[in-house]
Amino acid sequence: MIPTGDATAILPTSSTAPITVIGTAAIRDTFDEVCLQQAINSRQAPGVTDVVLNPDAHLGYGAPVGCVMVSPTHIYPGPVGVDIKCSMSLLQLDLPADAIADRRTRREIISAICQRTPTGAGKGQRSVPKSRNVNRTLGRQLVVQGASADVCQQLGIPSEWADRCEDAFHLGHDDSAEALDIRLATLLEQRHMSNFSDKMAQLGSYGGGNHFGECEVVEVDDNRRAREVAETFGLRDGKVAFLSHCGSRGFGHNLASGQFNALQSKFSRWDIPLPAGDRQLVYAPLGTDEANAYLDDMALGANFATVNHLLINALVLEAFQEVIPGTTGSLVYFISHNIARKEIVNQRPAWVHRKGATRAFPGGHFELRDTPFAQTGHPILLPGNPRDGSAVMVADAGAEKSCYSVNHGAGRVLGRRHAKRVLDQAKIDSELDRRDILSNCRRYPKDEAPAAYKNFEEVLKSVKTAGLASEVARLKARFVIKDASGADD
DNA sequence: ATGTCC
C-alpha cells in the first residue's frame, strides 16, 4: 500500500487498476490479507472502474464490508450485500435530556419500544395495533411503491418523513413501478417466496446481529458551521434522539439469496469464468434479463427496508408518547449503506455499489437540488458504539475522491466467534452500567461489544483527515435495544 | 445479514 496523504493510500493491483484506500496508518494496519484480496478481486472484476476501501473495511461476501465498487456496465449482487438496503435512521425528539435521566423512565420506554418493535430472528410484529398489521395486499403495495403517500397513510407514518429519505422509493430496471409489479407476480409463484405474508408481517422489526435501536442525547459540535448545519438537519443540542440500524429482514434475504443461487447456477451451467474464481462475485451485464431481474429484486427489497425503517420510527415515537405524553418527533434522515445507486461518476452514469458504505454528497451536489439539504449536504449517520457514541457528519468537497462515499460505522476488528471467546461478559456489562447506559438485554451480546469494533475515533479521524466529511454532532447512548442472542447464558 | 444451511 502506497501512502498518498495522512489518511489516504493507493493499493496497486497486478492489472494496474489502483484502489483508493481511506484510513490513517493505524487504520490501514487493521486490514487483513483476505479483506485486501477481496478488494483486489473486486477491482479486477469485469466492468469495474473504481474501488474505494473505507476505514471500517473488513471481510465481506465477495467484496469487503466497507467498500465502494463502481461499474457503468455491470451489476454485482455480492457488493450490494445479503441485507439489501441495510440503513440508518435518526429520529429527533423534542425531549430534553433531563426527561430521561431517571432509570425507571428509561426502563418503561425500553419496554414500550420492545412491545412494538421486536428484535431477533424471524420475529414479526407483536403488540402493535391491528391497523398496523401488514397483510398480503398492503405488503404487495409497499414493496412496489416504497414510502408512497398512500402506504405512509395506511401505516400511520407521517408523510413528510418521505422527504427525509435518501430514497423514499425505488423503481424497477426500466425506471417504472410496473416492472416491479410484474417481477413480484413472478416471484410469488416461486418456492422461495412462498412465505411472502410471513415476511411482510416482519415490517416494523429490527432483526438480529448488529442491528439495533439506541436512545441518544445529541451533542452538537461547538463551532459555527456545525451549529448551522445542525439547524438545517433539524438536530437539537442537549435533546433526546433515537438512532436505528436495520434492513430488509427476511424478505431482503430471500431476494438476495435467490439471486445468488440463480446467478451462480447460470455461471456454472454456461461455464463463465468467475472473477478471481470467487462465486460470491457473480455479476450480470446491464441490459440482460439477469441484470433486470436483479435490479427489480433489489428495488423490491429496498422498498421493504425503507417502509420498515419509517414504521419503526413511527412506533418508537408512539412508545415515547405512551411513557411521556405529548412528546413530538421529526425524522432527521434515513440513509442506506447496502445498496447500488445509479449516479454520475467520472462524468458518466454508473452503478455505485455501496457495501457497508454511506453516500456522502456535499452541499451543491446536483442530486440534492430539490431536497432540504441542497446547500449543506445531507446528514451522514455513522454508528460507533454505545460506549464512545455515534456521529452525524456532513460531506466536504473532498468526498469526490471516494466516489462521494464514507464508511458506515466503526467496522469489526474481532470476528463474532473470536469476540465471544476472548471478551469478558462481566466487564462489558459493568462498563455500560458505569456509564448509566441501559439495555433490553439482561447481558449485552459479547460479539457486539465495543471492543469487537475498531477504534471509532481513529475511524472518524481517517474520514476527516482525508477531507471527506466533517463532524456535526455526537450522539451519546442512554439505552440500547438489541437482540440478546450473542450474550453468555 | 438470515427461521444463524434451501
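In what follows, every heavy atom counts, from backbone to side chain, and hydrogens, waters and symmetry copies are set aside. Chain identifiers are assigned alphabetically (A, B, ...) following the order of the sequence lines, protein sequences preceding nucleic acid strands; residue numbering begins at 1 within each chain. The model shown is predicted, which means the values in this text are computed figures rather than measured ones.
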A.B. asks: Between P on B/dT2 and NE2 on A/His211, what's the gap in Å once rounded to a whole number?
C.D. replies: 5 Å

A.B. asks: Looking at A/Phe196, I'd like to know if the NZ or CZ of A/Arg136 sits under 6.0 Å from its six-membered ring centre while staying within 45 degrees of the ring's axis.
C.D. replies: no

A.B. asks: Could you state the atom-to-atom distance from OH of A/Tyr61 to C1' of B/dT4 in whole Å?
C.D. replies: 15 Å

A.B. asks: Can you tell me the distance, in whole Å, between the CZ atom of A/Phe196 and the C1' atom of B/dG3?
C.D. replies: 18 Å

A.B. asks: Among all residues two or more places apart in sequence or in another chain, which pass the salt bridge (charged side-chain N to carboxylate O under 4.0 Å, His left out) test with A/Lys266?
C.D. replies: A/Glu290

A.B. asks: For A/Gln190, report the nucleic acid contact type (base, sugar-phosphate, nothing); a contact means any heavy atom under 4.0 Å.
C.D. replies: nothing

A.B. asks: Across the strands shown, which category fits A/Lys199 at heavy-atom distances under 4.0 angstrom: base, sugar-phosphate, nothing?
C.D. replies: base

A.B. asks: Expressed in angstrom and rounded to an integer, what is the separation of A/Lys123 atom NZ from B/dT4 atom C1'?
C.D. replies: 13 Å

A.B. asks: Ring centroids only, cut at 6.0 angstrom: are A/His211 and A/Tyr206 within range, meaning strictly under it?
C.D. replies: no

A.B. asks: Using heavy atoms to find the nearest nucleotide of DNA chain B for A/Asn261 and A/Gly209 separately, return the residue whose nucleotide is more 5′.
C.D. replies: A/Gly209

A.B. asks: For B/dT2 and A/Gln202 - does any side-chain N or O of the residue sit under 4.0 Å from the phosphate oxygens OP1/OP2?
C.D. replies: no

A.B. asks: Whole angstrom is fine here: how far is it from CG in A/Asp447 over to P in B/dT4?
C.D. replies: 16 Å

A.B. asks: Rounded to the nearest Å, what distance is computed from the CG atom of residue A/Asp83 to the P atom of nucleotide B/dG3?
C.D. replies: 10 Å

A.B. asks: Rounded to whole Å, how long is the line connecting atom CZ of A/Arg279 with atom P of B/dC5?
C.D. replies: 16 Å

A.B. asks: Base, sugar-phosphate, or nothing: which does A/Asn195 touch, judged by heavy atoms less than 4.0 Å apart?
C.D. replies: base

A.B. asks: Categorize A/Gly252 for me: base, sugar-phosphate, or nothing, with a 4.0 angstrom heavy-atom threshold over every strand shown.
C.D. replies: nothing

A.B. asks: When the distance from CG of A/Asn254 to P of B/dC5 is rounded to whole Å, what number comes out?
C.D. replies: 15 Å

A.B. asks: Would you classify A/Gly207 as touching base, sugar-phosphate or nothing, given that sugar-phosphate means primed atoms plus P, OP1 and OP2, and contacts are heavy atoms under 4.0 Å?
C.D. replies: sugar-phosphate

A.B. asks: Quick check: A/His245 with A/His337 (ring centres under 6.0 Å apart)?
C.D. replies: yes

A.B. asks: When you check the gap from the basic side-chain N to the acidic O, do A/Asp167 and A/Arg341 get nearer than 4.0 Å?
C.D. replies: yes

A.B. asks: If the cut-off is 4.0 Å, is A/Arg249 near the phosphate of B/dG3, judged by side-chain N/O to OP1 or OP2?
C.D. replies: yes

